[in-house]
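Down below is the structure, laid out as structure tokens.
Chain letters run A, B, ... following the sequence lines, proteins first, then strands; residues in each count from 1.
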Amino acid sequence: MKLYIGGAYQGQEELARSENPGALIVTNFHETVREALLCGETPDALAARVLREHPDAVIVADEIGAGIVPLAAEDRLWREAVGRALCLLAQRAQTVTRAVCGIGMRIK
Amino acid sequence: MTILLTGGSGCGKSAYAERLIDAMPREGRVYLATMRVADDESALRVERHRARRAGRGFRTLEWPLALGEAPVAAGSVALLEDLPNLLANEMFSGGDWRRVAPDLAALAAKCRHLVIVTNDVFSDGVAYDGQTREYMRRLALINRAAAELSDYAAEVVYSIPVTLKGEAPCV
């Protein structure tokens, strides 16, 4: 599994596609976390399921944690859960690439 | 050695801070907790952090305000968590935000090792009200002062430390 992250619209999805032709690309993983929470799935369970079901996938997510603490409890919970799930995936990923202005930095 | 760790919410800063501490002397370990427990959510967070720290030999000081008055002995190995809460308490609970940076410098000078945890709250593009903007500006100033006095500074990105300054100690 490879992980591509970055702030909104930083080009992580394009990088993931261009560097991994033919691979299964899972986009908007941060939104998958939100859906999982709504279905009662914990971030730990979600990360484990992704690793089990798609061990060779390329996962793309937005970084959403670098802001003022949200007022709504469900937004705070989502933010924490995205962090938790991505920490778990990053630890298991072969590579982690962070996009800034379309430029990929291989941080792992 | 003084270390500053920043990063977004839930990015693994605390876990990395604890890994750094693990490689430091066990003697004189102090955990400076700045968050006030206001509700079940913060109580749960405190509980989670406490469970992770268990067995690491920390003496915990709940210190939400006036960091300079915390009874930290010279030569301590301290983990301070975190600056955003400390600043919020100084600003909104009758403290004085101006003392945060000098208090930090004095603490760093006193400690054998100090690991400071802060937060990146600057990149969500939301236009906040004046008071929140002022909070952000002050936190940025304090973060910059903390980085200035640190030997090693890193942004933790989903558990991966990305060096901003200096060299990471071996962990």
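Counting heavy-atom pairs closer than 4.5 Å to chain B, the top residue among A/L89, A/V82, A/L86 is A/L86. Each of B/P84, B/G12, B/A15, B/G10 has some count of heavy-atom pairs under 4.5 Å with chain A, and the biggest count is that of B/G10.
Taking non-hydrogen atoms and a 4.5 Å limit, the residue list of residues 1-16 of chain A in contact with chain B, ordered by number, reads A/I5. Within residues 95-108 of chain A, the residues having any heavy atom under 4.5 Å from a heavy atom of chain B are, by residue number, A/V96, A/R98, A/I107, A/K108. Contacts of residues 62-74 of chain A with chain B at a heavy-atom distance below 4.5 Å involve A/D62, A/E63, A/I64, A/G65, A/A66, A/G67, A/I68, A/A73, listed in sequence order. Among residues 41-55 of chain A, no residue has any heavy atom closer than 4.5 Å to a heavy atom of chain B.
Hydrophobic clustering (side-chain heavy atoms under 4.5 Å, transitive across Ile, Leu, Val, Met, Phe, Trp, Tyr) keeps A/L88 apart from A/L37. When hydrophobic clusters are built by joining Ile, Leu, Val, Met, Phe, Trp and Tyr residues whose side-chain heavy atoms come closer than 4.5 Å, directly or via intermediates, B/L86 is grouped together with B/L4. If you chain together hydrophobic residues whose side chains sit under 4.5 Å apart, B/V157 and B/Y16 never meet in one group. Note: the hydrophobic cluster containing B/V121 does not contain B/V117 (ILVMFWY, side chain heavy atoms under 4.5 Å, direct or indirect links).
Rounding to the nearest 0.5 angstrom, the gap separating the OG atom in B/S159 from the CZ atom in A/R84 is 10.0 Å.
Interface residue B/V162: only side-chain heavy atoms are found under 4.5 Å from chain A.
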